[in-house]
Protein chains: 2
Amino acid sequence: MISDDHNPGMPPDLHGDSFSEVEHRIEVTRRRLPGYPLDHVRLARLITHIQKLQTELCNEVLKPFELNFVTYTALMMMYGSEDQTSTPSELSSATGEKPTNVTRICDELLRKGLIERYPSTSDRRRVVLRLTAQGERLVEQYQPKIWEAMDQLYSKLSKAELQQVTSLLRRTLA
Amino acid sequence: MISDDHNPGMPPDLHGDSFSEVEHRIEVTRRRLPGYPLDHVRLARLITHIQKLQTELCNEVLKPFELNFVTYTALMMMYGSEDQTSTPSELSSATGEKPTNVTRICDELLRKGLIERYPSTSDRRRVVLRLTAQGERLVEQYQPKIWEAMDQLYSKLSKAELQQVTSLLRRTLA
DNA sequence: CAGAAATAATTCATAAATGAAATATTAAAA
DNA sequence: TTTTAATATTTCATTTATGAATTATTTCTG
């Protein structure tokens with residue numbers, strides 16, 4: 001029966017994947033708005049969609065470690081620092097979090113004993129952050145689980161395909 | 001002079017684009033962790049990076065309209081509904097926002113007169129949401145600015161390239 | 001059909017993220 | 001060198017997002 005106040009946007013059998021409903025709405029919008037840049041918008045929405053998905057997958061895996069995607073990212077960026085130290089501003093640009101949020105995140109990691117924080121001697125405005133031994137152990141401990149989560153999404157693409165997507169997407173930043 | 005407590009991760013002339021520093025940290029991590037799935041992680045981080053960038057670009061453009069990326073997304077998903085109505089749960093899955101947040105967002109859009117909200121007659125658990133004339137006008141008003149923002153990122157790729165990236169990325173959701 | 005399970009939306013307490021402003025220090029300009 | 005401007009970090013108030021629990025209704029199952 002067709003309701004007079006609301007009907008589902010798509011017949012249920014046309015729901016391919018979790019993105020189909022979004023794509024359908026984009027297509028409807030395209031019909032309504034002349035000049036609508038469908039290809040741009042679809043990719044933009046797809047990126048948002050995948051980003052949310054991978055964040056959720058990671059969060060799931062990280063829960064037992066009492067971490068979330070943001071704290072995990074901060075830890076990984078520190079782990080990947082050439083000299084094993086980072087400043088809050090570097091961490092801000094490496095994680096995409098605002099400096100003010102980095103302060104809070106580091107407060108938390110500090111409280112958990114995963115990092116240490118001390119004033120820089122060479123530039124006294126700065127602060128130096130470093131993983132503790134415990135922090136490094138934790139990073140190494142959750143790796144296998146995170147790799148599994150990544151696999152769930154990205155193992156569907158071959159190495160060549162991954163590199164191609166990556167290189168194309170990178171061009172948007174040029 | 002090389003500091004004894006902290007040095008920048010990369011020589012400044014190697015900073016290609018905003019993602020280079022992240023990539024560098026991923027590569028350092030790869031050296032430290034045998035078996036590290038570099039291709040997966042790099043793409044995952046790149047997606048996060050671009051997502052943040054496009055969100056910021058949109059927020060910038062939307063500020064004069066007193067909207068942000070999330071409220072804008074909600075409006076667009078409503079605008080793209082086949083019969084011009086949506087329920088909160090549909091909106092939740094179309095926007096990726098939790099139902100509880102959809103309630104808050106709709107409260108706000110309602111308060112601004114951009115949408116209307118009434119109970120469904122066919123299923124009395126549901127609520128029906130619909131853009132008002134004012135809401136539609138606003139959507140149409142900000143389009144050109146949003147398209148410009150999209151262009152800043154995605155016009156660097158050809159139509160064929162956009163479609164290729166999209167189709168590859170889509171495979172991750174299969 | 002009755003009872004149980006599932007779905008839809010919301011409220012409320014809490015957590016997470018942001019912007020504006022403050023403080024300290026360094027770098028640049030006059 | 002003095003002053004000015006820029007950078008780095010933090011604090012605090014506010015906004016935004018989440019999870020747990022609640023209420024109402026519908027669907028499923030025996």
Side-chain angles (χ1 to χ4, degrees), chain A residues 1 3 5-8 12 48 51-52 55-56 58-60 62-63 66-74 85-112 115-129, chain B residues 1 3 5-9 12 48 51-52 55-56 58-60 62-63 66-74 85-112 115-130:
Chain A
M1 198 258 263
S3 158
D5 60 13
H6 172 73
N7 296 293
T48 299
Q51 152 64 14
K52 292 218 176 206
T55 301
E56 284 221 341
C58 288
N59 278 335
E60 201 56 46
L62 293 165
K63 198 173 300 180
E66 295 179 280
L67 294 172
N68 58 39
F69 187 72
V70 174
T71 45
Y72 147 74
T73 299
T85 69
S86 309
T87 65
S89 33
E90 285 170 352
L91 218 50
S92 170
S93 97
T95 61
E97 298 301 318
K98 300 271 179 293
T100 188
N101 203 26
V102 170
T103 298
R104 184 188 57 82
I105 292 159
C106 289
D107 286 347
E108 178 186 332
L109 296 176
L110 201 63
R111 190 172 44 71
K112 291 187 175 168
I115 65 171
E116 53 180 350
R117 174 166 62 182
Y118 50 88
S120 164
T121 52
S122 55
D123 181 343
R124 294 168 55 205
R125 291 169 301 182
R126 290 177 187 268
V127 156
V128 180
L129 306 164
Chain B
M1 197 254 266
S3 158
D5 59 15
H6 172 73
N7 295 295
T48 300
Q51 153 63 14
K52 294 220 174 203
T55 301
E56 283 221 340
C58 288
N59 278 335
E60 202 55 46
L62 293 166
K63 198 172 299 177
E66 294 180 282
L67 294 172
N68 58 39
F69 186 72
V70 174
T71 45
Y72 147 74
T73 299
T85 69
S86 310
T87 65
S89 33
E90 285 169 351
L91 218 51
S92 170
S93 97
T95 61
E97 297 301 318
K98 301 270 178 294
T100 190
N101 203 26
V102 170
T103 298
R104 183 187 58 81
I105 292 160
C106 290
D107 286 347
E108 179 185 332
L109 297 176
L110 202 64
R111 189 173 45 71
K112 290 186 175 169
I115 65 172
E116 52 180 351
R117 174 166 63 182
Y118 50 89
S120 166
T121 52
S122 56
D123 180 344
R124 294 168 55 207
R125 290 169 304 182
R126 289 177 188 268
V127 156
V128 179
L129 305 164
R130 176 194 294 273

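Proteins come first, then strands; the chains are lettered A, B, ... in the order of their sequence lines, and each starts at number 1.
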Checklist entry - Which sits closer to the 5' end of DNA chain D, A:K52 or B:R124, going by the nucleotide each is nearest to? => result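 Looking at the nearest nucleotide for each, A:K52 comes out on the 5' side.
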Checklist entry - When you match A:G96 and A:T121 each to their closest nucleotide on DNA chain C, which lands nearer the 5' end? => result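 Upstream on the strand: A:G96.
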Report the residues that fulfil side chain to side chain contact (heavy atoms under 4.5 Å, CB included) with [X], sequence neighbours left out, ordered by chain and then residue number.
| X | answer |
| --- | --- |
| A:S93 | B:E21 |
| A:T85 | A:D83, A:Y118, A:V128, A:R130, B:H6 |
| A:D107 | A:T103, A:R117 |

Rounded off to whole Å, could you give me the [atom1]-to-[atom2] distance for the [X] and [N] pair?
| X | N | atom1 | atom2 | value |
| --- | --- | --- | --- | --- |
| A:E66 | C:dA15 | CD | P | 13 Å |
| B:I105 | C:dA9 | CD1 | P | 14 Å |
| B:E97 | D:dG19 | CD | P | 12 Å |
| B:L91 | C:dT7 | CG | P | 19 Å |
| A:E56 | D:dT18 | CD | P | 9 Å |
| B:R104 | D:dG19 | CZ | P | 14 Å |
| B:L67 | D:dT16 | CG | C1' | 15 Å |

Next on the checklist: Within the 4.5 Å heavy-atom criterion, are A:E97 and B:K52 side-chain neighbours or not?
Outcome noted: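 SC-SC contact between A:E97 and B:K52 confirmed.
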Checklist entry - Counting only heavy atoms not in B:E116, do more than 12 sit closer than 6.0 Å to its CD atom? => result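 More than 12 heavy atoms, drawn from other residues, nucleotides or ligands, come within 6.0 Å of this atom.
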Checklist entry - Just checking B:N101: base, sugar-phosphate only, or nothing, at a heavy-atom cut-off of under 4.0 Å? => result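 Here B:N101 touches the bases of the nucleic acid.
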Checklist entry - If you fit an axis to the five pairs at each end of the helix from C:dC1-D:dG30 to C:dA30-D:dT1, how big is the angle between those two axes, to 10 degrees? => result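 Inter-axis angle at the termini of the helix from C:dC1-D:dG30 to C:dA30-D:dT1: 30°.
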Checklist entry - Taking protein heavy atoms under 4.0 Å as touching, what does nucleotides 9-14 of chain D look like 5' to 3' if B marks base contact, S marks sugar-phosphate-only contact and - marks none? => result SBBB--
Checklist entry - Going from OG on A:S120 to CG on B:D5, what distance comes out if it is rounded to the nearest 0.5 angstrom? => result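 The distance works out to 3.5 Å.
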Next on the checklist: Exactly one of B:S92, B:S86, B:S89 should register a side-chain contact (heavy atoms from CB on, under 4.5 Å) with B:V102. Which one does?
Outcome noted: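 With B:V102 as partner, side-chain contact (heavy atoms from CB on, under 4.5 Å) holds for just one option, B:S92.
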Item to check | Listed partners of B:R125 passing salt bridge (Lys or Arg N to Asp or Glu O under 4.0 Å), at least two apart | outcome: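 Per chain and number, B:R125 pairs via salt bridge (Lys or Arg N to Asp or Glu O under 4.0 Å) with B:D123.
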Next on the checklist: Using only atom types and a distance under 3.5 Å, with no angle test, would you say the side chain of A:T87 pairs donor to acceptor with the backbone of A:V127?
Outcome noted: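 Not confirmed, A:T87 side chain does not pair with A:V127 backbone.
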